[in-house]
Amino acid sequence: MKLDALLQSLASLPRPTLSPFFSARTTALAHARPRVTRSRAMAVYWTLLLLAGGPMLLTSWQRVAGVAVIALLLRVIVVLTPASARSR
Amino acid sequence: MTDEELAARYVAARDPADFRQLVDRNAPAVLRLVSSVLGPFRDTDAEEVAQDVFVRVHARLEQFRGEAKFATWLYRVAYTTAINRTKTSRLRLPHVAADALLDLAANDDPRDELLASERLALIGAAVETLPDLYRAVIYLHYWQEAGVDEMASLLNAPPNTIKSYLFRARQRLARTLTEKGITS
């Protein structure tokens with residue numbers, strides 16, 4: 001048997017087609033899901049870290065470092081919070 | 001309006017009709033790519049993955065800065081999503097169902113029918129042994145009947161690279177089939 005003949009036989013296999021409402025269904029599904037799902041959990045994580053680590057640093061001898069870390073974490077939270085959640 | 005312009009307009013105005021138009025334009029190509037990675041007889045999986053691709057793209061659309069073509073970015077997401085699906089689905093099912101191949105070769109002449117089913121089962125099993133990229137190239141070219149230029153666009157590689165993938169995939173297939181005594 002020749003390789004070409006074997007390969008050509010693949011063309012006889014049925015090819016998948018899209019269902020009639022694919023675009024409408026996909027668009028609806030895309031809009032139903034939050035744009036950035038993982039970021040929300042990350043924002044909670046960073047907030048908890050801020051609440052725990054911020055006061056600890058502020059009461060230590062590294063007060064300047066504590067303020068810098070709080071500012072940085074606040075910025076991280078703002079960046080990571082989903083845009084869709086912020087605008088609502 | 002180009003896909004890039006449409007994507008930018010969608011990000012700015014969030015009109016679902018714009019996103020739907022992007023899906024309408026690109027879904028057939030995404031389905032071809034995704035089904036070539038998944039293999040035959042995975043129609044439901046292929047459509048699910050295609051849908052997942054657009055949902056992922058929608059979630060990251062704001063990150064698309066229009067530096068690359070929208071289609072290039074979309075096909076990269078489609079290829080990765082489909083590869084991930086093969087890795088999880090292969091744990092559950094054989095990639096190409098041999099029974100489906102045998103049923104498919106229905107023919108008037110029983111000898112032709114047997115020969116056709118045998119061919120499909122043999123080549124299906126041999127293609128399964130190829131690495132992901134080579135398998136996708138073989139299915140795109142011989143099953144989906146895509147030309148080199150279309151494959152180059154879907155896989156984001158120059159046409160000569162695609163030709164080389166095709167050549168190497170055929171070489172591997174020939175070696176596998178010769179070792180099994182199927183081809184000479």
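Each chain gets a letter, A, B and so on, in the order the sequences are listed, and its residues count up from 1.
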Under 4.0 Å between a side-chain nitrogen and a carboxylate oxygen: does that hold for A:D4 and B:R170? yes

Is there a side-chain contact between A:L10 and B:I138 (heavy atoms, below 4.5 Å)? yes

With the side chain counted from C-beta on, respond yes when B:F41 and A:P14 share a heavy-atom pair under 4.5 Å apart, and no when they do not. yes

Minimal non-hydrogen separation, B:P16 against A:T27, with atom names: O-CG2, 3.6 Å

Shortest non-hydrogen contact between A:P16 and B:Q144, atoms and distance: CD-NE2, 4.2 Å

Does anything in residues 156-169 of chain B get under 4.5 Å of chain A by heavy atoms, and if so which residues? none

Counting heavy-atom pairs under 4.5 Å to chain A, which of B:V34, B:L22, B:L61, B:D43 comes out on top? B:D43

Within this structure, what is the [atom1]-[atom2] distance for the pair [X] and [Y], rounded to the nearest 0.5 Å?
{"X": "A:S12", "Y": "B:Y142", "atom1": "OG", "atom2": "OH", "result": "14.5 Å"}
{"X": "A:L3", "Y": "B:T178", "atom1": "CG", "atom2": "OG1", "result": "8.0 Å"}
{"X": "B:H58", "Y": "A:H31", "atom1": "NE2", "atom2": "NE2", "result": "4.0 Å"}
{"X": "B:L177", "Y": "A:K2", "atom1": "CG", "atom2": "NZ", "result": "13.0 Å"}

At a heavy-atom separation under 4.5 Å, does B:A126 approach chain A through its side chain, its backbone, both, or neither? neither

Under 3.5 Å side-chain donor-acceptor pair for A:R25 and B:Q51: yes

Would A:L48 and A:L72 show up in the same hydrophobic cluster when neighbours are defined by side-chain heavy atoms closer than 4.5 Å? no

Exam field: side chain B:W143 to backbone A:L7, donor-acceptor pair closer than 3.5 Å: no

Check: B:E47 side chain, A:S19 main-chain N or O, donor-acceptor pair, under 3.5 Å: yes

Going by ring pair (Phe, Tyr, Trp, His ring centres under 6.0 Å), name the pairs with one or both residues in residues 8-27 of chain A, residues two or more places apart or in two chains. none

Can you check side-chain contact (heavy atoms from CB on, under 4.5 Å) on A:L6 and B:L120, steps first, answer last? CA-CA 7 Å; A:L6 287 171; B:L120 286 169; over 6 Å; no

Using the rule given for side-chain contact (heavy atoms from CB on, under 4.5 Å), can you reason through B:E145 versus A:R15, listing the C-alpha separation, both sets of side-chain angles and the distance that settles it, and then say yes or no? CA-CA 10 Å; B:E145 297 183 296; A:R15 292 175 207 160; 2.3 Å; yes

